[in-house]
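Just so it is clear, the structure is predicted and the values come from calculations on it, not from any experiment.
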Amino acid sequence: MDTIIQELHNRIKGDVYSDPFSRSVYSIDASIYECEPLAVVQPKDKQDVLAAIEVAVKHHTPIVPRGGGTGLTGGSLGKGIVIDCSKYFNRILEINIDARYIRCEPGVTLDNLNKAITREGYQFGPDVTTSNRATLGGMFSNDASGAHSLHYGKTSDHTICVELALADTTLIKTETFDKASWAEKKEGNSQISTICASLEKIALQHRKAITEHFPSFPRRVSGYNVDELLKLPHLNLTRLIAGSEGTLGFLTELTLKIVPKPAHLGLVLLYPHQLTDALNKIPEILTYSPYALEVSDKQIIQAGKASPLLHNKLDFLSHDSDGLLIVEFKGDTADEVEQKQRHFAASFARSSSMPISCITEAVEMSNVWMLRKQGVGLLMSRRASDKAIAFIEDLSVPPEHLGHFVSEIQRYLQEKGKRCGLHGHAGEGCIHIRPYMNLECAEDFDLMFTMMNDITSIVKEYGGSLSGEHGDGIIRSWLNEKLFNKELVQVFCDIKETFDPHRLMNPGKIAYPSNPRENLRSYPGMKHVPIVSELNFDEEGGLDFAANMCNGNAFCRKSDGLMCPSFQVTLDERHSTRARAQGFRALVNGRIDIKLLGSKELYEIMDLCLQCKGCKTECPSHVDIAKMKAEFLYHYHKVHGVSIRDKIFASIGKLSRFNAAFPSLFNALVNTPLSKALLAKLGIAPERTMPLVAKKRFSKHVKHLIAQRDEEVDLLLFIDTFTEFNHPEIGIAALDVFSKLNIKAAILPWQCCGRPAISKGLLKQARDSARKIIAQLYPYAKKGIPIVGLEPSCILAIKDDYKGLLPNEQTTLVAQQCQTFDEYIATPLDKKRYPTKREENQPALLLHTHCHQKALVGSEETHKAIKCVTTTPCSEIPSGCCGMAGSFGYEKEHYAISMAIGEQKLFPAIRQCDERTIIIANGTSCREQIAHGTKRRPLHLAEYLSNTM
């Protein structure tokens with residue numbers, strides 16, 4: 001092993017990892033398997049790929065290609081060298097709009113491809129639900145399709161050719177042969193000639209079996225595409241290789257067709273009383289030529305309504321139904337689409353009693369598709385020991401049989417005492433079914449394989465396939481002999497031998513299947529190593545359960561939104577939310593020695609988590625990595641001690657109180673070259689300007705308002721460290737707003753909430769702060785008085801983090817009364833409403849929402865408050881975390897990535913706006929980051945309202 005690793009390091013320009021945690025990170029995908037590789041390579045280019053293959057072949061080590069790791073079958077897992085194309089090997093090489101094609105490397109994600117051509121009015125046809133993290137290499141390897149396969153078919157239908165590296169490092173470019181070119185190629189002396197000759201021999205020997213026993217309907221990706229051999233000598237080698245899951249060679253380049261984007265779209269939603277009755281209507285619906293025909297069952301609808309990401313976006317679910325059918329139409333004009341909708345709705349209503357609604361508004365259509373795309377994640381978010389397990393999740397039958405097929409599957413599951421969630425591509429008969437199972441239970445574990453065997457028989461009776469778009473991988477390859485027959489499986493093996501005689505290319509999938517009972521994530525007798533946690537994880541079901549909630553769906557690998565800011569910059573799997581959860585999973589499941597809980601290796605995995613809390617909301621399973629990082633740092637400090645820098649940042653409140661006694665002196669010295677040099681020795685970025693303290697603390701401004709507990713007040717204004725010592729003008733502005741609204745506010749003496757200590761893992765120090773704060777606030781909470789905070793991270797620490805620090809009834813009651821300033825002020829403002837007419841020449845408004853606020857309470861109330869005082873529209877920057885994240889952006893080793901996060905969306909949006917534009921940002925860190933990165937000073941909402949009212 002050491003020799004292999006050293007050779008890889010010597011030859012690879014990209015990154016090579018072989019430490020226990022990196023191997024563990026790459027041991028999972030979105031499937032139910034966990035298989036640790038020997039090493040991980042992140043190649044910079046094609047030469048790196050070939051070098052890695054050479055090393056692997058030299059040492060007879062398997063080669064496992066990987067894109068986004070979104071597969072549900074274990075197709076990107078193996079015990080050899082994993083080659084991850086997504087970080088560097090992801091360039092678009094050529095865009096030719098006139099000829100309607102692009103060339104790209106395999107690590108390009110579908111969304112990034114579409115972004116590159118959308119301005120030209122084009123897109124890639126197949127549109128998988130994981131488009132924001134699925135790579136094109138992975139889509140070709142699975143021959144993926146997606147929601148609009150009715151119109152566009154599969155990836156292979158849009159692939160002109162690919163370049164493939166074979167195990168001997170020969171590069172071949174696939175092509176479509178005519179009779180003359182086939183004869184010429186077959187007689188040559190190249191590697192492709194040898195392959196062609198072998199394929200012709202296979203075709204002649206097995207033509208009868210292929211003709212009689214190989215399914216020929218659109219949504220089949222089980223096995224190899226051996227029906228292409230029947231077309232010899234007019235062989236399309238690209239189609240033969242499509243869906244081969246990296247078992248025949250390593251994909252190094254793709255040339256893909258692009259198609260015009262539809263001009264206008266509209267949805268018709270059907271709300272069936274009985275889902276299978278609606279599925280029996282599919283042949284009728286297809287006569288109306290829909291652009292898409294999708295289905296989600298009641299389980300997904302109920303999970304969607306309970307999801308914090310979706311619950312306020314599902315107004316279209318106005319009918320109580322057994323599921324939802326989504327029928328989409330496209331057209332060149334809006335009128336054409338509406339005419340199709342009306343015609344379908346009117347005609348279909350005559351033959352069906354189910355409620356129908358039509359949607360053309362873009363936001364609402366987006367919400368419908370969001371529910372559909374989140375289907376798998378919603379099913380997996382269930383916090384219980386029996387989870388929605390992916391093992392029969394990609395069944396496909398001719399669509400005219402789908403209703404009866406689903407009825408039979410449901411009856412079968414009912415006989416076995418199992419419920420399931422169901423969604424899929426109804427128009428093409430492809431259904432994703434997730435039974436709820438507990439694989440740590442021996443009975444369920446064995447039942448899973450019994451069910452797979454039984455359901456294969458049912459699928460075969462309907463002339464279907466075990467996979468309609470996700471492939472065979474580890475989970476289904478062993479069933480191919482039953483689904484097809486022994487001779488066809490021999491054809492698969494012969495094709496494998498033709499391309500990969502040493503069986504090193506992603507072995508164990510399709511041909512020569514691996515044992516599906518091995519390498520499962522969960523299994524009977526699974527080891528659980530107890531971790532005595534400092535934080536309370538009861539709400540999550542315990543630290544063990546919390547870590548295991550990550551199902552590997554890789555939604556955290558998306559390139560926008562709140563989660564995960566560091567991954568969006570580095571594109572490194574080790575910096576994803578999934579990787580951090582897997583680091584903990586490996587420990588609590590005993591796959592990595594628990595002694596490494598406080599290790600530097602795990603520190604490297606956790607380090608770039610900005611604790612933005614985005615995963616708590618955006619992750620479909622709501623995995624709270626911010627909380628896990630605080631827990632990890634606590635254990636890390638027990639092993640390595642606490643650095644002076646961490647002590648400084650954790651105690652910023654006490655330091656600010658000391659500095660505030662000498663404001664002029666502190667402000668004069670803190671940003672001098674000497675001070676910056678001294679701070680740099682402590683690990684603080686010299687590029688940063690340290691915050692100044694105010695000449696007069698906030699509490700000194702408002703001595704007369706320090707409240708007594710028995711006073712009659714409307715609210716208690718919680719004063720955070722930054723308002724008290726750095727920006728008293730924000731607190732003064734808030735009081736001015738309250739005064740103008742005749743709201744009586746109480747103020748208590750300042751106490752640090754402990755949030756800085758939480759972020760540094762100094763949890764005992766944070767708990768001491770929490771006790772003091774709860775003692776202060778509880779008398780007001782008991783009276784039902786709202787507790788309002790100006791700094792989102794501080795007030796939300798009381799509302800959210802204290803549940804883990806100090807779980808008791810008092811904490812719960814105080815948390816219930818805590819609100820951000822935005823949440824509180826929107827209601828009294830709405831009652832008064834200041835603007836009466838649109839003011840001319842008013843500066844534009846631009847909002848950046850603090851990541852904790854965005855994750856835990858949202859920005860709706862902020863917009864509502866602004867609308868109450870001005871008719872000027874307010875645009876929200878579609879940014880996630882600003883990149884500062886408390887002390888993170890001040891730390892020398894994090895400065896570059898902090899700025900890179902800001903450059904993703906936040907800084908460009910501000911630089912592009914007019915200099916008169918008013919920027920609103922409630923977070924102190926956010927305002928500091930914006931000022932540093934753009935030289936613009938944002939206002940707190942309280943300041944804006946005070947100036948405007």
Side-chain angles (χ1 to χ4, degrees), residues 46 49-50 52-54 56-58 60-66 75-76 78 80-81 83 85 106 137-138 140-143 155-156 159 161-177 182 185-186 188-206 210 214 221-233 235-254 471-473 477 480 484 488-514:
K46 190 184 304 183
V49 171
L50 296 176
I53 292 173
E54 278 189 8
V57 172
K58 175 182 176 182
H60 204 74
T61 301
I63 300 147
V64 184
R66 183 176 173 112
S76 61
I81 298 172
I83 304 180
C85 298
F140 178 81
S141 295
N142 282 347
D143 205 3
T155 298
S156 56
T159 306
C161 66
V162 298
E163 185 180 70
L164 204 66
L166 303 179
D168 64 357
T169 70
T170 299
L171 287 172
I172 65 169
K173 186 160 276 191
T174 62
E175 56 186 297
T176 302
F177 300 98
W182 176 259
K185 188 67 67 175
K186 189 180 60 171
N189 296 316
S190 64
Q191 183 74 347
I192 192 71
S193 300
T194 304
I195 289 171
C196 289
S198 177
L199 292 176
E200 185 175 66
K201 182 179 178 182
I202 294 169
L204 289 172
Q205 186 176 352
H206 301 286
I210 296 170
F214 195 75
V221 297
S222 290
Y224 294 130
N225 297 325
V226 295
D227 52 339
E228 292 296 324
L229 296 178
L230 300 178
K231 301 172 185 176
L232 280 170
L235 174 66
N236 185 326
L237 198 55
T238 304
R239 285 185 176 273
L240 177 67
I241 293 171
S244 59
E245 303 182 37
T247 61
L248 304 181
F250 196 102
L251 200 63
T252 56
E253 189 179 303
L254 304 94
D472 294 335
S477 294
N480 276 340
F484 300 107
L488 284 181
V489 168
Q490 184 58 53
V491 175
F492 299 161
C493 293
D494 291 347
I495 291 173
K496 170 74 170 174
E497 297 282 350
T498 295
F499 284 87
D500 179 28
H502 300 294
R503 305 182 194 174
L504 295 179
M505 289 293 181
N506 207 15
K509 291 92 179 182
I510 304 179
Y512 305 108
S514 54

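- Contact record, I202 with L229: CG2-CD1, 4.0 Å, taken as the closest heavy-atom pair.
- Here the side chain of T252 pairs no donor or acceptor atom with the backbone of A165 at under 3.5 angstrom.
- Using modelled atom types, no side-chain atom of D500 and backbone atom of L166 make a donor-acceptor pair closer than 3.5 Å.
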(request) In sequence, state the C-alpha distance, the side-chain angles, and the governing distance for V491 and F214, and then conclude on side-chain contact (heavy atoms from CB on, under 4.5 Å). (result) CA-CA 11 Å; V491 175; F214 195 75; over 6 Å; no

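- Put simply, the side chain of S193 gets close to the backbone of K185: a donor and an acceptor are under 3.5 Å apart.
- For the pair F250/I63, a side-chain contact is recorded, criterion being any heavy-atom separation below 4.5 Å from C-beta on.
- Taking OG of S141 as the reference point, atom NZ of K509 lies at 11.5 Å (rounded to 0.5 Å).
- At distances below 3.5 Å, at least one donor-acceptor pair connects side-chain atoms of N236 with backbone N or O atoms of R239.
- Across all non-hydrogen atoms, the minimal contact from A511 to K496 is CB-CB, 3.9 Å.
- Rounding to the nearest 0.5 Å gives a distance of 8.0 Å between OH of Y224 and CD of E245.
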(message) Pair I495, I510 - check side-chain contact (heavy atoms from CB on, under 4.5 Å), show working.
(response) CA-CA 11 Å; I495 291 173; I510 304 179; over 6 Å; no

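- From L240, atom CG reaches atom OG1 of T174 across 10.0 Å, with rounding to the nearest 0.5 Å.
- Annotation: F492 is in aromatic contact with F484 [ring centroid separation under 6.0 Å].
- From T159, atom OG1 reaches atom CG of D143 across 7.5 Å, with rounding to the nearest 0.5 Å.
- Between F499 and T247 there is no side-chain heavy-atom pair separated by less than 4.5 Å.
- Taking both residues in full, the closest heavy atoms of L235 and W182 are given as CD2-CZ3, 3.7 Å, listed atom of the first, atom of the second, then distance.
- The heavy-atom pair separating G80 from V64 by the smallest distance is N-CG2, 4.4 Å.
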(request) Decide side-chain contact (heavy atoms from CB on, under 4.5 Å) for H206 and L488; before the verdict, give the C-alpha distance in whole Å, the side-chain angles of both, and the deciding distance to 0.1 Å. (result) CA-CA 8 Å; H206 301 286; L488 284 181; over 6 Å; no

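- Of the N and O atoms on the side chains of T170 and Q191, not one donor lies less than 3.5 Å from an acceptor on the other residue.
- Atom CG of N142 sits about 9.5 Å away from atom OG of S244, to the nearest 0.5 Å.
- Heavy atoms only, all atoms of each residue included: I172 and I195 are closest at CD1-CD1, 4.3 Å.
- Looking at heavy atoms from C-beta onward, D472 lies out of side-chain contact with V221 at the 4.5 angstrom threshold.
- Closest approach of C196 and F177 over heavy atoms only: SG-CZ, 3.9 Å.
- At a threshold of 4.5 Å between non-hydrogen side-chain atoms, the residues L251 and P65 do not count as touching.
- Within the 4.5 Å cutoff, the side chain of K46 has heavy atoms near those of the L171 side chain.
- No donor-acceptor pair closer than 3.5 Å links the side chain of S198 to the backbone N or O of T194.
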(message) Between Y512 and S477, is the side-chain contact (heavy atoms from CB on, under 4.5 Å) condition met? List the steps.
(response) CA-CA 8 Å; Y512 305 108; S477 294; over 6 Å; no

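- Taking CD1 from I53 and CG from D168, the interatomic distance works out to 9.5 Å, rounded to the nearest 0.5 Å.
- Here the side chains of N480 and P513 are not in contact, with every heavy-atom distance at 4.5 Å or above.
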